[in-house]
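Because the structure is predicted, anything quoted here is derived from the model rather than measured.
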Amino acid sequence: RTGPALCNVGESNPPTGELVSVCLRRQRISKMRFETWIAVRRAVSAITKTGCIPKGLSCATGALTSRGMATIAAPVIPAQVTNIAVNSIPKHHLMQSSMNRGFSAKGVPSSLSNKGLSTVAAEVRVVKPLVAGGATAQRQVFWWMTGCTGWVFSMVVLGGVTRLTRSGLSMTDWKFAGGLPPLTEEEWEIEFAKYKKSPEYRTVNQGMNLENFKFIYWLEYAHRMWGRVLGVAFAVPCTYFAVRGYITWPLAARLGVLFTLGGCQAFVGWWMVKSGLEEPKNHQIARVSPYRLATHLTSAFVIYTGMLWTSLSVLYPTAEALNPSTSPNVVKGLAKAQKILLPLSLLIAVTAVSGAFVAGLDAGHAYNTFPLMDGQLVPLQYWSEFSQTIFQNTFENTAAVQFHHRVLAVTTLCSVTGAWAILRNTALTTRTKACLNAMLAMTYCQVALGISTLLLYVPVSLGSAHQAGALTLMSLVVAALHSVRGAASRSALMNTYAGAGKVAKDHLAASGARLTVTPPRPVASH
């Protein structure tokens with residue numbers, strides 16, 4: 001037929017689960033083909049305005065394309081896979097949206113290209129849950145993962161107590177499988193004799209009696225065995241769930257990486273302890289290498305955040321930003337929050353790692369005043385070792401290490417406060433708002449803990465609470481990032497659709513092409 005192109009746009013009705021569908025017939029003459037292209041872009045804009053953002057994009061079926069027709073449909077049911085053909089959508093937007101969010105982009109179909117349609121199509125698959133077997137299986141796996149995540153949290157805190165009490169070097173040997181502790185006085189004397197040969201005993205604990213040695217030995221032994229039991233608590237239920245068929249391949253890959261990192265963490269811990277058993281240089285106090293201590297703490301944080309993210313993914317398999325029921329304003333707000341939270345999380349992580357260097361150099365026992373250090377904002381000792389390399393001064397100078405940690409902490413406090421103020425009136429989901437509020441409160445508590453620990457010369461209770469506070473703050477920022485995942489990709493697609501709709505509206509007004517709105521027709525009719 002000849003004449004203006006017709007475009008049927010159906011209003012969606014979420015309770016009935018109907019589809020918004022558009023069927024366009026490509027005209028044979030170039031003018032009508034151009035008007036059809038305009039109508040397609042206008043139809044996409046209409047779909048977007050209804051709030052039914054597509055969960056799936058793919059080329060039209062061969063039956064339709066062979067007749068010169070393109071089909072556009074948008075779902076109102078999240079679990080429904082929808083086919084959409086959109087002319088001239090920029091390919092880089094589709095590729096950008098496909099990364100790590102269950103998206104897969106496909107090239108230009110030859111059947112459409114041969115018919116003169118410049119179409120870039122992508123297929124957005126509904127994200128499958130990480131756990132198979134229904135709600136009961138999902139709940140069981142979630143609680144198991146949450147328990148292991150909390151276990152790792154306790155491991156980090158116990159490691160901090162071990163460090164603060166100088167218990168880490170009490171055991172002078174290491175076996176991967178572990179062993180029984182000393183059970184008789186004779187066995188205790190043998191272990192104590194080994195410790196007396198270590199540099200720490202000569203430089204720090206000269207004259208320590210057997211009872212005091214037993215205290216630090218038990219702390220280190222508990223830290224090591226707690227990690228070994230965690231490996232069993234992780235592996236045995238994981239095997240059970242795998243046999244039951246609850247573990248999908250994507251989840252199995254994540255769990256495999258986490259289990260491997262946990263095993264490597266044991267070797268990193270011994271590698272750190274071994275540095276403290278070597279003779280110190282220049283008659284210094286025996287201590288573990290701050291670089292190895294920072295590596296050990298960083299790897300623990302990586303394992304913890306990986307397990308926390310996986311636990312949240314089991315509980316929330318579908319990102320809220322990718323849910324068709326989420327309004328466009330909320331999606332834009334989540335995308336804005338995502339852009340702010342990503343650099344903020346990096347700042348929090350760097351601040352926590354700098355705390356490891358403070359602990360490694362015992363820098364908390366120096367300059368126990370705040371905000372001044374030795375009566376100055378920047379102490380003179382900060383510059384005293386610049387005759388060495390800048391790298392050494394940054395990580396091995398006690399004054400520089402503590403000053404950098406203070407600056408990073410204050411910067412984190414200001415950044416979190418600013419982020420909260422910027423996002424306070426932004427349209428966000430309830431979960432994201434709760435995470436932001438908790439982050440703000442925890443940041444102020446963490447700074448107060450750090451100042452109190454410094455002023456009171458690092459008591460064990462406050463020092464361990466300060467380390468636990470750092471991990472808690474990291475948990476909150478990870479939870480906030482998890483709540484906004486996928487927002488940037490969907491926001492980019494929405495902006496693409498909105499831009500196309502504006503162009504189409506202008507061309508429709510200029511060309512006079514007719515756009516008729518009719519009730520939706522059954523999908524089978526297409």
Side-chain angles (χ1 to χ4, degrees), residues 148-178 198-200 204 216-217 219-231 234 257-278 280 285-308 348-364 391 394-396 398 401 404-405 408 458 460 463-475 478:
C148 290
T149 304
W151 202 317
V152 174
F153 188 102
S154 67
M155 277 286 298
V156 176
V157 175
L158 183 57
V161 174
T162 302
R163 170 64 191 143
L164 290 168
T165 56
R166 291 188 176 275
S167 303
L169 301 178
S170 59
M171 299 179 67
T172 57
D173 54 7
W174 180 79
K175 297 178 182 179
F176 183 78
S198 67
E200 185 183 59
V204 179
I216 63 174
Y217 187 95
L219 275 178
E220 175 63 12
Y221 183 81
H223 182 57
R224 296 187 184 188
M225 293 306 298
W226 196 237
R228 293 184 175 98
V229 177
L230 171 60
F234 185 90
V257 171
L258 291 172
F259 187 76
T260 302
L261 289 176
C264 293
Q265 177 72 338
F267 292 98
V268 173
W270 171 243
W271 176 62
M272 177 193 69
V273 170
K274 192 175 180 180
S275 66
L277 299 176
E278 299 172 355
I285 295 176
R287 60 168 65 99
V288 298
S289 167
Y291 299 104
R292 299 187 186 186
L293 177 62
T295 302
H296 192 49
L297 181 65
T298 302
S299 58
F301 270 56
V302 169
I303 294 171
Y304 174 78
T305 54
M307 295 190 67
L308 178 60
I348 292 173
V350 171
T351 305
V353 173
S354 72
F357 286 94
V358 173
L361 294 174
D362 291 326
F391 180 85
T394 302
F395 297 104
E396 298 178 14
T398 300
V401 166
H404 294 159
H405 189 60
L408 286 170
V458 197
V460 175
S464 57
H466 188 51
Q467 183 163 325
L471 200 55
T472 302
L473 182 57
M474 180 62 68
S475 304
V478 168

R292: salt bridge (Lys or Arg N to Asp or Glu O under 4.0 Å) partners, not counting sequence neighbours: none
Where the side chain of S354 meets the backbone of T351, is there a donor-acceptor pair that is under 3.5 Å apart? yes
For S299, give me all partners under side chain to side chain donor-acceptor pair (under 3.5 Å), at least two apart in sequence or on another chain. Q265
By the side-chain hydrogen bond (donor to acceptor under 3.5 Å, both in side chains) test, which pairs, at least two apart or in different chains, include something from residues 165-177? T165-S167, R166-D362
Suppose we screen for side-chain contact (heavy atoms from CB on, under 4.5 Å). Which residues come up paired with V478, at least two apart in sequence or across chains? T305, L308, W309, M474
Let me confirm one number: the NZ-CG distance from K274 to L277, rounded to the nearest 0.5 Å. 9.0 Å
F234: ring-ring contact (aromatic ring centres under 6.0 Å, His included) partners, not counting sequence neighbours: W144, F259
Can you tell if the side chain of V288 reaches within under 4.5 Å of the side chain of L169, non-hydrogen atoms only? yes
Interatomic distance, M171 atom CE to T162 atom OG1 [nearest 0.5 angstrom]: 11.0 Å
For F395, what residues pass the side-chain contact (heavy atoms from CB on, under 4.5 Å) criterion, not counting sequence neighbours? Y291, F357, F391
Can you give me every donor-acceptor pair (side chain of residues 148-161, partner residue at least two apart or in another chain, under 3.5 Å) with its distance?
residue: T149; atom: OG1; partner: M145; partner atom: O; Å: 2.8
residue: T149; atom: OG1; partner: S311; partner atom: OG; Å: 3.3
residue: W151; atom: NE1; partner: W226; partner atom: O; Å: 3.3
residue: S154; atom: OG; partner: W151; partner atom: O; Å: 2.6
residue: S154; atom: OG; partner: W226; partner atom: NE1; Å: 2.9

Please find the pair of heavy atoms, one from S275 and one from S289, that lie closest to each other, and give the distance. OG-N, 2.9 Å
Value for CD1 (I285) from CG (L361), rounded to nearest 0.5 Å, stands at 11.5 Å
For S475, side chain to side chain donor-acceptor pair (under 3.5 Å) partners two or more places apart: Y304
Evaluate salt bridge (Lys or Arg N to Asp or Glu O under 4.0 Å) for E220 paired with R224, printing each intermediate quantity in order. CA-CA 6 Å; E220 175 63 12; R224 296 187 184 188; 2.8 Å; yes
Residues that E200 engages under side chain to side chain donor-acceptor pair (under 3.5 Å), provided they are two or more places apart: Y195
Do you know which two heavy atoms are closest between V353 and A294, and how far apart they sit? CG1-CB, 4.4 Å
Please report the shortest heavy-atom distance between A356 and L297, naming the atom on each side. CB-CD2, 3.6 Å
Just how far is it from atom CD of E278 to atom CZ of R287, taken to the nearest 0.5 Å? 14.5 Å
side-chain contact (heavy atoms from CB on, under 4.5 Å) filter on A352, not counting sequence neighbours, yields F301
Below 4.5 Å, heavy atoms only, C-beta onward: do L293 and R163 meet side chain to side chain? yes
Using side chain to side chain donor-acceptor pair (under 3.5 Å) as the criterion, list what pairs up with W271, not counting sequence neighbours. none
Partner residues of P199 under the side-chain contact (heavy atoms from CB on, under 4.5 Å) criterion, sequence neighbours left out: R202, E279, P280, A286
